Number of protein chains: 2
Amino acid sequence: MTPRTTENGHPAIKALPEPPDLPPPLPEPAVEEIRLETVLAALSDPLRLRIVRKLLLESEQFDHTCGWFGLDRPKSSLTHHFKALREAGITRQRQYGLERRSHVRVADLNARFPGLLDLVADWTPPGR
Amino acid sequence: MTPRTTENGHPAIKALPEPPDLPPPLPEPAVEEIRLETVLAALSDPLRLRIVRKLLLESEQFDHTCGWFGLDRPKSSLTHHFKALREAGITRQRQYGLERRSHVRVADLNARFPGLLDLVADWTPPGR
DNA sequence: CTCTTTGTACGAGTTCAATCGTACTGTGTG
DNA sequence: CACACAGTACGATTGAACTCGTACAAAGAG
């Protein structure tokens, strides 16, 4: 069966294989522990929705630091939101030296909630 | 019980046509006004997730009153949650005499966020 | 009319999350 | 070593949302 595509023809978000020998991920829920309520709550915040969407659309196989997102918020606020995403099971974070890089757990989320990431990728930020 | 999974991965939750001459719906957002953040926030509450899921799986072409759901909460709490669902654009409510009946806006939600309702239908409530 | 039923409106208490300043830890560089 | 840098931990404040009691409104039955 071919990968799922959304109604408007947007290509489905696909998972890339991870190279071995990476730093271990920070504490996160296992795939089967990821709960829909928690994921939806995490994604109901516009800033976190922006973060996940940007990761999905622009990340090109690399993890990214907080700074890469260009978010105009103090560091302590960003820590809060990245932690919320990780603890909900949406992102994985790894420590590279003094940087902490994030990527979306695409394979896990597609397995658990097929189609959800496509909705995030198609999302249009409010205002403007 | 209707099957919820299809061979092609398209939304399995189907919209039924509405008969004419119904009471007018209570105030609700238009399709294009429905926002993903708001919908996700509304669905991040386990009780509301239960309500929507039950409507999707057991509603058989009829609208339902608050009492039909068998929720062990005071009436004022139920009013709160049904209002939240309606104002998010997830459900439509109509006044039938002294009853206020709800159903999910399946067509609108499938058009706006394809696949989302399938995730709700497949959800497993916690603690079981 | 009264009584019952279904649900709302309002308000209070409580809980929880978002925001962010400050202080701090750990890592790499010169 | 000292210093810069990425990010955390902690705590305070704020505001929103959940919960629910009480009082009230509208509709139908008798």
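As the structure is a computational prediction, the values presented were derived from the model and not from experiment. Order of the sequence lines fixes the chain letters, A, B, ..., with proteins taken first and strands second; residue numbering starts at 1 for each chain.
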So if I take every side-chain heavy atom of [X] and compare against [options], which nucleotide ends up nearest?
X	options	result
A:C66	D:dG7, D:dC20, D:dC10	D:dG7
B:L98	C:dG7, D:dA27, D:dG7	D:dA27
A:R100	C:dT6, D:dT8, C:dC20	D:dT8

When the distance from NE2 of B:H64 to P of C:dG7 is rounded to whole Å, what number comes out?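 The distance from NE2 of B:H64 to P of C:dG7 comes to 13 Å, rounded to the nearest Å.
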I need the OH-P distance between B:Y96 and C:dG7, as an integer number of Å.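 Going from B:Y96 (OH) to C:dG7 (P), I get 13 Å.
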Across the strands shown, which category fits B:R48 at heavy-atom distances under 4.0 angstrom: base, sugar-phosphate, nothing?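 Contact class for B:R48: sugar-phosphate only.
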Scan B:H80 against the nucleic acid and name what it touches under 4.0 Å (heavy atoms): base, sugar-phosphate only, or nothing. base
Phosphate OP1/OP2 of [N] contacted by [X] side-chain N/O (<4.0 Å):
X	N	answer
A:S77	C:dC20	yes
A:H81	C:dA17	no
B:T79	C:dT8	yes

To the nearest 0.5 Å, how far apart are CD1 in A:I13 and CG in A:D122?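 Nearest 0.5 Å value for the CD1-CG distance: 8.0 Å.
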Side-chain contact, heavy-atom cut-off 4.5 Å: A:L55 with A:W68? yes
Side-chain contact, heavy-atom cut-off 4.5 Å: A:L43 with A:V39? yes
